[in-house]
Amino acid sequence: MTFHSMWAELLPIGRSSASGGYRRFAWTAADADCRAWFREQAEARGLAYEVDRNGNQWAWLGDPAAGNAVVTGSHLDSVPDGGAFDGPLGVVSSFAALDELRGRGVQFDKPLALVNFGDEEGARFGLACVGSRLTAGQLTVEQAHRLTDGDGVTLPEAMEAAGYDPEAIGPDPERLARIGAFVELHVEQGRALDLSGDRVGVASAIWPHGRWRFDFRGEANHAGTTRLADRRDPMLSYAETVLAARREAELVGAVATFGKISVEPNGVNAIPSLVRGWLDSRAADQDTLDTVVGGIEKAAREYADVHGIDLDVVRESFTPVVEFDHALRDELGRILGKDTGLKVPVLGTGAGHDAGILSGHIPTAMLFVRNPTGVSHSPAEFAAEDDCVAGVRALADVLEGLACR
């Protein structure tokens, strides 16, 4: 199958007719359809298909037990009303790159695997990269079993309902030991390539980033009969904290976003008793990130004191700076520039990826494909088909350089 035909098959799955975005959340019907698509693609190519203990899907060419395998892939799940390219581009491109290599008639010296990591976006259970975190031992079984979605469904319950065994999840060092290199292709989440005029780039590092939950607790009361002076309204402290996050991030060239909120009792005519907001913050280095988040929390506590609000701040997830394997990164640049002599652009990114999670255990690298809009996690996310095909060829070149004679 061509890149275009695979893309067309995958495109309708989990798409919202209202927003035009995608709702491919972990262990839902849309996720099941994506997983079925992956299996069909693997079996159509005669690859050995398997699902590991953490629900990640694998398609193998060659003997997995031989070791030093070259692996590529990404994820198929989405954020709420996300775009079509974030994750799926890497998975579709992995199959298309294999087809390209077979068309070239290359011989593989090492096993090759294509992978779809489960629950990368964390849209349902609030934690990103669950599948790769479990595999790498960065998420314990106990922590995973406590994950709950907005409807109160636990991760084990969701997995079991989808036909998977939640009691089997956990670290998978034997699988990681089989892998010699992991290369993830991804649409760029920004406009650096568009501005430079390049179709494909190589990742240098992932900024340190995390998610913090701010719980502002006040007192519920009637919105029409309670004097302003008598109110303990947590929404005021929350709103002021949102503005403080913007100010703190601007001061040091970082980013900070309150993108999710939960309100109780959530009535139009009721003063809230609880406003719970989730902060996502990222910066180029750890000291800068600490400065931003510390400044936001300090401001939040000052606003809470003024309004008589109780505040709890909980760090729900954190990923330190990820420097991709320098030798592998340089090798990608050499492979991609060998016929043209051109220097491939090297880009940093503020977005997290499965490649970042695995980087502490195996050599990892990333390729980025140009995104002319610079938009991601939105239906406006885009990459031109010519650029996608250029990404496939670049990935094929890399896989040939790493795994073929």
- Message: Quick check: closest heavy atoms across Leu101 and Glu400, and the distance to 0.1 Å?
- Response: CD2-CB, 3.7 Å
- Note on the structure: From the list Val255, Val321, Thr319, side chain to side chain contact (heavy atoms under 4.5 Å, CB included) partner of His209 resolves to Thr319
- Message: I'd like to know if Glu142 and Arg146 make a salt bridge, using a cut-off of under 4.0 Å between side-chain N and carboxylate O.
- Response: no
- Item | Side-chain donor-acceptor contact under 3.5 Å, Glu121 with Ser78 | no
- Item | 4.5 Å side-chain heavy-atom contact, Leu395 and Glu100 | no
- Task: Determine the interplanar angle of the His75 and His186 rings, folded into 0 to 90°, and report it as parallel if under 30°, tilted if 30 to 60°, perpendicular if over 60°.
- Result: tilted
- Message: So that I can tick it off, tell me whether Arg24 and Asp77 are bridged by a salt bridge, with the cut-off set at under 4.0 angstrom between side-chain N and carboxylate O.
- Response: no
Scan the side chains in residues 347-364 for donor-acceptor partners under 3.5 Å anywhere in the protein, sequence neighbours excluded, and list what turns up.
residue : atom : partner : partner atom : Å
Thr349  : OG1  : Ala351  : N            : 3.1
Asp354  : OD1  : Ser132  : OG           : 2.7
Ser359  : OG   : Gly356  : O            : 2.7
His361  : NE2  : Ala136  : O            : 3.2
Thr364  : OG1  : Ala355  : O            : 3.3

- Message: Under a 3.5 Å threshold, yes or no: a donor from one side chain and an acceptor from the other, between Glu385 and Trp7?
- Response: no
- Query: Would you call the rings of Trp27 and Tyr164 parallel, tilted or perpendicular if under 30° counts as parallel and over 60° as perpendicular?
  - Reply: tilted
- Task: In plain terms, say whether Arg104 and Asp397 are close enough for a salt bridge, that is, a side-chain N and a carboxylate O under 4.0 Å apart.
- Result: yes
- residues 323-337 vs salt bridge (charged side-chain N to carboxylate O under 4.0 Å, His left out), sequence neighbours excluded, gives Glu331-Arg334
- Look at the side chain of Asp149 and the backbone N and O of Thr154, then say whether any donor-acceptor pair between them is shorter than 3.5 Å. no
- Is Arg175 salt-bridged to Glu50, going by a charged N under 4.0 Å from an acidic O? yes
